[in-house]
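Order of listing sets the numbers, starting from 1, for every ligand and every atom in it.
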Amino acid sequence: MTKVVKFGGSSLASAEQFKKVGDIIRAEDSRRYVVPSAPGKRYSADTKVTDMLYACYDLAAKGRNFDEEFDLIKDRYYGIINDLGLKLSLEDEFTTIKACFIGKAGRDYAASRGEYLNGIVLAKYLGYEFVDAADVIFFNDSGVFDAERTNEVLSSRLAGIERAVVPGFYGSMPNDTIKTFSRGGSDVTGSIVAAAVSADLYENWTDVSGFLIADPRIIDSPLPITTITYKELRELSYMGATVLHEDAIFPVRKAGIPINIKNTNAPLDHGTMIVESTCQKPPFTITGIAGKKGFTVINIEKDMMNSELGFGRKVLEVFEKNGISFEHMPSGIDTMSVIVHQAEFEPKEQEILSGLHRNVHPDSIEIESDLALIAVVGRAMKSNRGTAGRIFSALAHAHVNVKMIDQGSSELNIIVGVEEKDFDAAVKSIYEIFVIHQL
Ligand code: ASP
């Protein structure tokens with residue numbers, strides 16, 4: 001059995017956290033390949049090393065002195081090294097990094113050093129081999145991740161190594177410069193490594209015990225999701241759940257490897273298993289509820305719209321030309337609504353309105369802002385009658401006015417649009433009817 005284990009920034013923020021990580025890894029022989037993030041926050045007002053590196057590099061790029069900021073970064077690493085009692089000097093590394101900052105090696109290079117150095121420290125602490133991600137993770141000339149080349153080089157390199165640490169977040173470009181994934185990208189590296197070694201499981205260790213059924217800022221101590229399918233997760237993450245980087249799903253999913261989200265601070269908790277499919281009966285009809293505020297709906301009305309060929313295309317063309325993607329598009333016989341992100345739409349509002357008038361000559365256009373969308377997701381919805389009915393009676397009881405309804409054809413989700421002011425009440429009422437009343 002082989003597991004790839006990825007540890008997030010808060011799991012490696014201090015020597016105390018490193019010790020927990022060491023205990024977790026040593027507890028199972030199968031935890032052979034480890035992907036670390038850079039040291040994260042030790043307490044809520046703390047700064048992540050990645051952010052310190054960006055700030056430091058920004059000074060360097062302007063030709064300003066950054067000694068003080070750089071020393072603070074050194075302190076973070078030496079604090080960990082000394083508290084762990086390791087015999088390790090990073091002086092040569094720091095000298096090189098400083099010179100590269102002065103030589104303007106790039107923001108990505110700067111940020112990547114957080115993972116690079118933490119990888120060296122962790123490898124030393126565990127007695128594992130350090131494999132620099134720059135030698136095994138590749139991007140193409142356009143800066144797009146090169147899955148084929150990476151998989152080839154990474155799998156043959158790791159085939160010869162029993163236990164290794166591969167730092168997360170970065171790789172190299174064909175011209176040997178460093179490139180990073182987007183923020184939170186160590187999750188992606190973990191997934192790539194898991195696929196390359198054909199792992200049995202990809203464990204993603206963080207500071208929460210997996211996904212929760214609903215947002216804990218709205219629901220008091222929501223229950224955790226024990227098992228979720230990749231498809232369900234897509235529907236939820238798309239609405240704003242942030243435990244796992246979105247791009248981390250693809251490599252493992254393609255290789256048929258499940259992901260287990262685990263908590264470094266509560267390692268015995270089950271966490272959330274993310275799987276392709278499962279015969280396990282979910283405890284509730286719904287798997288999760290996620291929502292987001294900040295949407296605008298553009299209602300377009302025109303008599304006989306339903307028989308006008310190409311109407312929908314002409315409407316969407318206006319949005320496309322203005323670089324706006326739409327979220328949903330519910331329609332009636334003579335009406336069509338397009339739901340978009342308010343922040344993206346606002347600056348282009350007048351261009352879009354005049355474009356719509358020109359393209360489809362509507363009878364009227366009405367705009368409503370401050371809409372929230374709530375996705376109610378669950379693989380069990382398909383086989384349970386009355387799910388939509390229960391959602392709407394719960395919302396009615398909570399005095400929430402439903403502005404829009406959309407059920408995906410997969411019957412995996414029902415999306416409801418409500419006014420932003422009703423958002424919390426809506427989520428609470430849905431959680432209550434499906435979870436609390438079901439306990
Ligand atoms: N250290 C990087 C960040 O803060 C990448 C990661 O932690 O996954 O975004």
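- Near Gly184, meaning under 4.0 Å from one of its heavy atoms, ligand 1 places the atoms 3 (C), 5 (C), 6 (C), 8 (O), 9 (O).
- Where the criterion is an N or O separation shorter than 3.5 Å, residue side chain and backbone included, Lys6 fails it with respect to ligand 1.
- Under the 4.0 angstrom criterion for non-hydrogen atoms, Gly185 is in contact with ligand 1.
- Under the 30°/60° scheme for interplanar angles, the aromatic rings of Phe130 and Tyr116 are found to stand perpendicular.
- In this structure, atom 3 (C) of ligand 1 lies nearest to the protein heavy atom Arg183 NE, 3.3 Å.
- Proximity of a side-chain donor or acceptor of Arg32 to a complementary backbone N or O of Glu162 within less than 3.5 Å is detected.
- Formation of a donor-acceptor pair under 3.5 Å by the Gln17 side chain with backbone atoms of Ser10 is found in this model.
- Remark: minimum distance from atom 7 (O) of ligand 1 to any protein heavy atom is reached at Ser37 OG, 3.1 Å.
- For Asp187, no nitrogen or oxygen atom sits less than 3.5 Å from a nitrogen or oxygen atom of ligand 1, counting backbone and side chain alike.
- Proximity of Lys48 to ligand 1, defined as any heavy-atom pair under 4.0 Å, is confined to the side chain (atoms from C-beta onward).
- Within the cation-pi definition used here (under 6.0 Å to the ring centroid, within 45° of the axis), Arg149 qualifies as a partner of Phe138.
- Ring planes of Phe94 and Phe70: perpendicular class, angle over 60° (limits at 30 and 60°).
- Closest protein heavy atom to atom 2 (C) of ligand 1: Glu115 OE2, 3.4 Å.
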**Report entry** Stepwise side-chain hydrogen bond (donor to acceptor under 3.5 Å, both in side chains) check, Glu232 with Asn413
**Finding:** CA-CA 8 Å; Glu232 288 174 306; Asn413 64 349; over 6 Å; no
